[in-house]
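Here's the structure we're looking at; comments come further down.
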Amino acid sequence: MNNFKNLRGTVDLLPDQLIKWQNVEKIIVEQLLRSSVKEIRTPILEMTELFLRGIGEGTDVVSKEMYTFLDRGDRSCSLRPEGTASVARALIQNGISTKPFQKLWYMGPMFRYERPQAGRQRQFHQLGVEFVGYESFRSDVEIITLAWDILEKLGIKELNLEINTLGDNTDRSNFQKAFLKWLEVNKNSLDLDSQKRIEKNPLRILDTKNVQTKKILEDAPRLVDFLSDKSLKRYLNIKEQLKLLKIPYVENFHLVRGLDYYTHTAFEITSGSLGSQATVCGGGRYDNLISLMGGTETPAIGFAIGLERLIILSGNKLGESRETDIYIVNKGIHAEKLAMDLSRKLRNYDLIAELDLSGASFSKQFKKANKLKSKSIIVIGDDEAFKNQFIIRLFNNDNSENKEETISIEDNIKLEKWVKSNLLLHKNL
RNA sequence: GCGGGCGUCGCCAAGUGGUUAAGGCAGCGGCUUGUGGCGCCGCUAUUCGGGGGUUCGAAUCCCCUCGCUCGCCCCA
């Protein structure tokens, strides 16, 4: 096989699949618009250092999953593995202090060098939303609600929202001390992976999938018990407001997001029908990130939704394309000229008008129209062209008799009338 | 990076050592060169992911390799 193939973990999205993507994206963007969230676009390529500092060198994402290379000027560059760091960078660089409150979204490809599997690719797509400058617990609730509503608007069912709090820096370091003490005592009962994490990232041990370790962890100290009054109050407020909004959630004390910059609220939305990569949305508060990256201290919260996983979950209804409204069968030198002009006229009525360019026999062109399930058809051949007219008729799929009408080329009024009564009436506007 | 499953036409597949690689869908052409569906007829893999080996003989057995897929790790 000497043909070219796409790179591992990447896919071609073909026209048929893109209908669903476009519909999903449209619904998302509309909901964002209604929530007055504004779009931001940052480069896909950034200097590697940005991600090292923004995401954390110790994380798997950065330490073993980045697409990193030297450019021709020997600068180390990386394809973005996620969007938050870039957005933070862009805001700092463009003067965050002049616009301290911003609700932003972005959508686009991300890159992570991993083994592909169901719902996971090396190039994948995320919708990210970041509320920057917002500190109140109500911004946490609003952003969780936004994620929830987007998924609901897409008609996705059987979703589980899990929430947790990581407290502020002081809470967390108090907890960590106690937790480390406990870990020391119980070290030998833990699985190997978890043992390694004691040094590297002890919080992540809470997140283990090892059944044995999970059981042992039931007796470990809990982070909630180390929250300051203020942090606790914050968390309780969020839960209360979610209840008020009737958004069902489950508390999960073991929910610890993988990236270093999170504080307070962490949340995740999962679906059982996704296989082992069940998370469709992950997010949380990151009050430390922007100052950590050299900006003025700015609280922020955000989430990311994996579009591939969203597509898997979205119903088939979103995959249906708009049918051809009118197919123009045309043959003969003069007729073909008139037909092309006609096709433009029809598109001005916001119709999907397809002009047959094959020059094939009438029979062939009719078959094509039928295959496309075109709602109507125009026929223009030498006979019609000679009389400066064309034939138009509805084109039912059951092949029943359909009345046809002859319209003169110049008779725009008659054409418009026909189009309005036969095609535009049925359109959902 | 580590484990399991799988690779035969654009898609779904039969074939499991003996020579013509079924069949279905899609596609193309014809019956019908100015009229749709259905039907009928015909065409479409010198080759079974790639390389090497065993054998008189390989899609079928062995080795290597590549790819896909599912899971682990991690995450969206």
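Every heavy atom of this structure was used, including side-chain atoms; hydrogens, water molecules and symmetry mates were not. Residue numbering restarts at 1 for every chain, and letters A, B, ... go by the order of the sequence lines.
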**Message:** Judged by each residue's nearest nucleotide on RNA chain B, which is more toward the 5′ side, A/F124 or A/T10?
**Reply:** A/T10
**Asked** Got more than 12 heavy atoms from elsewhere within 6.0 Å of CD, A/E410?
**Response** yes
**Complete:** Hits for ring-ring contact (aromatic ring centres under 6.0 Å, His included) against A/F175, two or more places apart or cross-chain, chain-then-number order -> A/F179, A/F226
**Item:** Side chain of A/R393 - closest among B/rC73, B/rG36, B/rG34
**Value:** B/rG36
**Asked** How about A/F395 and A/Y327: are their ring centres within less than 6.0 Å of each other?
**Response** no
**Asked** In the structure shown, which nucleotide is the Watson-Crick or G-U wobble counterpart of B/rC31, with both distances under 3.5 Å?
**Response** B/rG39
**Prompt:** If you measure from the P atom in B/rU19 to the same atom in B/rA58, how many Å do you get, rounded?
**Reply:** 12 Å
**Request:** Give one of base, sugar-phosphate or nothing for A/E308, where a contact means two heavy atoms less than 4.0 Å apart.
**Result:** nothing
**Asked** C1' atom, B/rC9 versus B/rA22: distance in rounded Å?
**Response** 13 Å
**Message:** Using a 4.0 Å heavy-atom cut-off, does A/E268 contact any base of the nucleic acid, only the sugar-phosphate backbone, or nothing at all?
**Reply:** nothing
**Complete:** Of the candidates B/rC73, B/rU35, B/rC28, the side chain of A/F366 sits closest to B/rU35
**B/rG27 and B/rU35, which share atom name C1', separated by this distance in whole Å** = 22 Å
Are any protein N/O atoms closer than 3.5 Å to N/O atoms in nucleotides 29-33 of chain B? If there are, list each pair with its distance.
unit_1: B/rG30; atom_1: OP2; unit_2: A/K364; atom_2: NZ; d: 2.4

Give each protein N/O atom lying under 3.5 Å from an N/O atom of nucleotides 70-72 of chain B, with the pair distance.
unit_1: B/rC70; atom_1: OP2; unit_2: A/A118; atom_2: N; d: 2.9
unit_1: B/rG71; atom_1: OP1; unit_2: A/S276; atom_2: N; d: 3.3
unit_1: B/rC72; atom_1: OP2; unit_2: A/S276; atom_2: OG; d: 2.8

**Residue whose closest nucleotide on RNA chain B lies nearer the 5' end, A/N6 versus A/C281** = A/N6
**Item:** CD-OG distance between A/E404 and A/S376, expressed to the nearest 0.5 angstrom
**Value:** 12.5 Å
Donor-acceptor pairs under 3.5 Å, side chain of residues 139-154 of chain A to any protein atom, not counting sequence neighbours: which ones?
unit_1: A/S139; atom_1: OG; unit_2: A/S136; atom_2: O; d: 2.6
unit_1: A/S139; atom_1: OG; unit_2: A/R285; atom_2: NH2; d: 2.9
unit_1: A/D140; atom_1: OD1; unit_2: A/R234; atom_2: NH2; d: 3.2
unit_1: A/D140; atom_1: OD1; unit_2: A/R285; atom_2: NE; d: 3.2
unit_1: A/D140; atom_1: OD1; unit_2: A/R285; atom_2: NH2; d: 2.7
unit_1: A/D140; atom_1: OD2; unit_2: A/R234; atom_2: NH1; d: 3.0
unit_1: A/D140; atom_1: OD2; unit_2: A/T265; atom_2: OG1; d: 2.5
unit_1: A/D140; atom_1: OD2; unit_2: A/R285; atom_2: NE; d: 3.2
unit_1: A/E142; atom_1: OE1; unit_2: A/K103; atom_2: NZ; d: 3.0
unit_1: A/T145; atom_1: OG1; unit_2: A/V141; atom_2: O; d: 2.6
unit_1: A/W148; atom_1: NE1; unit_2: A/E152; atom_2: OE2; d: 3.4

**Prompt:** Can you tell if the side chain of A/E30 reaches within under 4.5 Å of the side chain of A/L33, non-hydrogen atoms only?
**Reply:** no
Identify every side-chain donor-acceptor pair in residues 300-307 of chain A under 3.5 Å, counting partners at least two apart or on other chains, and give the distances.
none

**Request:** Return each pair, listed once, that meets ring pair (Phe, Tyr, Trp, His ring centres under 6.0 Å) where at least one residue sits in residues 25-65 of chain A; pairs must be two or more places apart or across chains.
**Result:** none
**Request:** Provide the distance between the two P atoms, one in B/rG50 and one in B/rG67, to the nearest whole Å.
**Result:** 15 Å
**Prompt:** According to a strict under-4.0 Å criterion, is A/K371 in side-chain N/O contact with OP1 or OP2 of B/rG27?
**Reply:** yes
**Request:** Quick one: pull up CG in A/N186 and CD1 in A/I198 and give me the separation to the nearest 0.5 Å.
**Result:** 9.5 Å
**Message:** Roughly how many Å apart are B/rC62 and B/rU46, using the C1' atom of each and rounding to a whole number?
**Reply:** 26 Å
**Prompt:** With a 4.0 Å cut-off on heavy atoms, is A/G282 in touch with a base, just the backbone sugar-phosphate, or nothing at all?
**Reply:** sugar-phosphate
**Prompt:** Got a donor-acceptor pair under 3.5 Å from the side chain of A/E114 to the base of B/rA76?
**Reply:** yes
**Prompt:** Separation of A/D207 atom CG from B/rA76 atom P, in whole Å?
**Reply:** 11 Å
**Asked** Got a sec: does the NZ of A/K414 have more than 12 other heavy atoms crowding it under 6.0 Å?
**Response** yes
